Asker: 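First the structure, then my questions, so here it is.
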Amino acid sequence: MTKRPRVPTAIEFGNPASFWVEYPSGLVDLTRTAHLPASSEGDREPPEPTLVKELQVDVPADGERTVRVQAARSAMVVIDMQNFFLHPDLREHPTGLACVIPIANTVSALRAKGAKILWVNWGLTDHELTTIPPSLVRGFMKNGRVGFGGDLGGSFGRLLMRGEYNSDLYGPLQMLYEEGREAGTDVWIHKNRMSGIWGPQSALDLYLQEHGITSLFFAGVNADQCVLGTLVDAYYRGYDCITVEDCIATTSPEGGLENVLYNAGGGYGFLTDSKRIIDACS
């Protein structure tokens, strides 16, 4: 991956209300708490703001960068880690299953620092079945059978409908969410498209705006489909996008994941991993 060079002098990006400041050391301050001074004496570089450990987290990222976020204005967005996509009785998704432990560990670390955990999942209503476009209907219907709302058999219930077992989070993640819900740190958000933040008023976007959240850590499956759709829409809306490499996966052929990682770190925002987040939160 081509490495983005460090800035030669501190630069502020954005506007008075929403801005980042990047420093020659590699620090990228996303907290929106300290503008660069209008002018400085001589050629002296403005000092970096001191990390407020009680409120902020410095997360190392690819490209020799450190991303500083305000914990209370951050959220981990976990997308589609549901039985339909991960349960071995429904499909083979070994790389998706490999994300379960890193996601669980990252959730615990970010919770402890005061970040929100948002579980963004397919969860359709009967009314929504009448409004889904044909391209999506066809994409989820194999050999002309089942499809959205169809009976998957056994205890799995109707495909990706709210309240069905196939729509629950996979394995220990369901319990992890329920623990967070009880503690007030975790929120379940339904979506009805690949992107969880599409359209003028999605539930996810409304929640983020209402709670003043600006920095998002992305995890889930599939990396080049629902994760990417949500990531790109969040990027377009001006959220800070940080992709957690070992917490995303896909069933696509070789190149699908690599493309997402390349653009997540080189264009849409930043790329890190669960270990660097956990270490930063400790």
Side-chain angles (χ1 to χ4, degrees), residues 57 59-62 67 69 71 74-86 93-113 115-123 167-177 179-181 185-191 194-197 204 207-208 213-235 239-252 256-265 268-281:
V57 183
V59 179
D62 284 12
V67 179
V69 300
S74 301
M76 185 172 181
V77 179
V78 188
I79 299 168
D80 290 354
M81 293 294 288
Q82 298 170 273
N83 283 320
F84 178 72
F85 300 104
L86 296 174
H93 200 332
T95 56
L97 293 175
C99 293
V100 171
I101 292 176
I103 286 175
N105 292 338
T106 306
V107 163
S108 297
L110 287 172
R111 270 183 188 165
K113 294 298 290 187
K116 289 292 187 182
I117 311 300
L118 308 181
W119 303 89
V120 181
N121 300 303
W122 283 98
S167 301
D168 285 351
L169 294 165
Y170 174 76
L173 297 181
Q174 182 69 26
M175 184 178 296
L176 186 67
Y177 155 69
E179 292 172 353
R181 180 190 61 191
T185 59
D186 292 33
V187 177
W188 187 293
I189 296 178
H190 296 291
K191 67 183 179 73
M194 291 283 199
S195 170
I197 201 169
L204 174 57
Y207 181 91
L208 297 174
I213 293 171
T214 54
S215 299
L216 307 178
F217 293 86
F218 283 92
V221 296
N222 277 314
D224 52 342
Q225 298 169 13
C226 293
V227 176
L228 179 60
T230 309
L231 168 66
V232 171
D233 279 345
Y235 165 69
Y239 293 102
D240 315 330
C241 299
I242 307 161
T243 301
V244 190
E245 182 172 359
D246 57 336
C247 291
I248 64 171
T250 185
T251 54
S252 296
L257 177 62
E258 289 76 9
N259 181 272
V260 173
L261 296 177
Y262 178 83
N263 286 295
Y268 303 138
F270 306 92
L271 189 64
T272 189
D273 57 51
S274 63
K275 184 179 186 306
R276 283 183 280 185
I277 295 172
I278 292 164
D279 288 346
C281 290

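This is a predicted model, so every value here is computed, not measured. Heads up: numbering here begins at 1 and tracks the sequence.
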Asker: List the residues meeting side-chain hydrogen bond (donor to acceptor under 3.5 Å, both in side chains) with Asn222, not counting sequence neighbours, and say none if there are none.
Answerer: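 Counting only residues at least two positions away or on another chain, Asn222 forms a side-chain hydrogen bond (donor to acceptor under 3.5 Å, both in side chains) with His93.
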Asker: Side-chain polar contacts of residues 96-108 - donor-acceptor pairs under 3.5 angstrom, sequence neighbours left out - could you list them?
Answerer:
residue : atom : partner : partner atom : Å
Asn105  : ND2  : Ile101  : O            : 3.4
Thr106  : OG1  : Pro102  : O            : 2.7
Ser108  : OG   : Ala104  : O            : 3.2

Asker: Sequence neighbours excluded, which residues qualify as salt bridge (Lys or Arg N to Asp or Glu O under 4.0 Å) partners of Asp246?
Answerer: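 So Asp246 forms no salt bridge (Lys or Arg N to Asp or Glu O under 4.0 Å) with any residue.
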Asker: So do the side chains of Phe217 and Val67 get within less than 4.5 Å of each other, counting heavy atoms only?
Answerer: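 Not in contact.
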Asker: Charged N to carboxylate O under 4.0 angstrom, Asp273 versus Arg276?
Answerer: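 Salt bridge present between Asp273 and Arg276.
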Asker: Can you list the residues that meet the side-chain hydrogen bond (donor to acceptor under 3.5 Å, both in side chains) rule with Asn259, with sequence neighbours excluded?
Answerer: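 Residues passing side-chain hydrogen bond (donor to acceptor under 3.5 Å, both in side chains) with Asn259: Asn263.
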Asker: Test your reading of the model: is there a side-chain donor-acceptor pair from Gln82 to the backbone of Trp122, 3.5 Å cut-off?
Answerer: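 Side chain of Gln82 to backbone of Trp122: a pair is present.
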Asker: Please name all residues satisfying salt bridge (Lys or Arg N to Asp or Glu O under 4.0 Å) with Lys116, sequence neighbours left out, ordered by chain then number.
Answerer: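 Lys116: no salt bridge (Lys or Arg N to Asp or Glu O under 4.0 Å) contacts found.
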Asker: Check ring-ring contact (aromatic ring centres under 6.0 Å, His included) between Tyr239 and all other residues, then give those that pass, not counting sequence neighbours.
Answerer: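 In terms of ring-ring contact (aromatic ring centres under 6.0 Å, His included), with neighbours along the sequence ignored, Tyr239 is linked to no residue.
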Asker: Going by heavy atoms in the side chains, are Cys281 and Leu110 under 4.5 Å from each other?
Answerer: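 Yes, at least one pair of side-chain atoms sits under 4.5 Å.
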Asker: Which residues pass the side-chain hydrogen bond (donor to acceptor under 3.5 Å, both in side chains) test with Asp186, sequence neighbours left out?
Answerer: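 With neighbours one apart ignored, the set is Arg111, Trp119.
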Asker: Suppose we screen for ring-ring contact (aromatic ring centres under 6.0 Å, His included). Which residues come up paired with Tyr170, at least two apart in sequence or across chains?
Answerer: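 So Tyr170 forms no ring-ring contact (aromatic ring centres under 6.0 Å, His included) with any residue.
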Asker: Just to verify, what does Phe84 make a ring-ring contact (aromatic ring centres under 6.0 Å, His included) with, not counting sequence neighbours?
Answerer: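 Checked Phe84 against ring-ring contact (aromatic ring centres under 6.0 Å, His included); zero matches.
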Asker: Taking side-chain contact (heavy atoms from CB on, under 4.5 Å) as the definition, give me every residue that meets it alongside Asp168, ordered by chain and number, with sequence neighbours left out.
Answerer: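 Scan of Asp168 (side-chain contact (heavy atoms from CB on, under 4.5 Å), adjacent residues dropped) gives Asn83, Tyr165, Gln174.
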Asker: Using the rule side-chain contact (heavy atoms from CB on, under 4.5 Å), only one of Leu169, Val78, Ile79 pairs with Asn121; which is it?
Answerer: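 Exactly one pass, corresponding to Leu169.
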Asker: Would the distance check show the side chain of Lys275 and the main-chain N or O of Ile278 forming a donor-acceptor pair, the cut-off being under 3.5 Å?
Answerer: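 No.
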Asker: Suppose we screen for side-chain hydrogen bond (donor to acceptor under 3.5 Å, both in side chains). Which residues come up paired with Ser215, at least two apart in sequence or across chains?
Answerer: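 Asp240.
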Asker: Ser195: what forms a side-chain contact (heavy atoms from CB on, under 4.5 Å) with it, not counting sequence neighbours?
Answerer: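 For Ser195 the side-chain contact (heavy atoms from CB on, under 4.5 Å) partners, ignoring immediate neighbours, are Ile197, Trp198, Thr230, Asp233.
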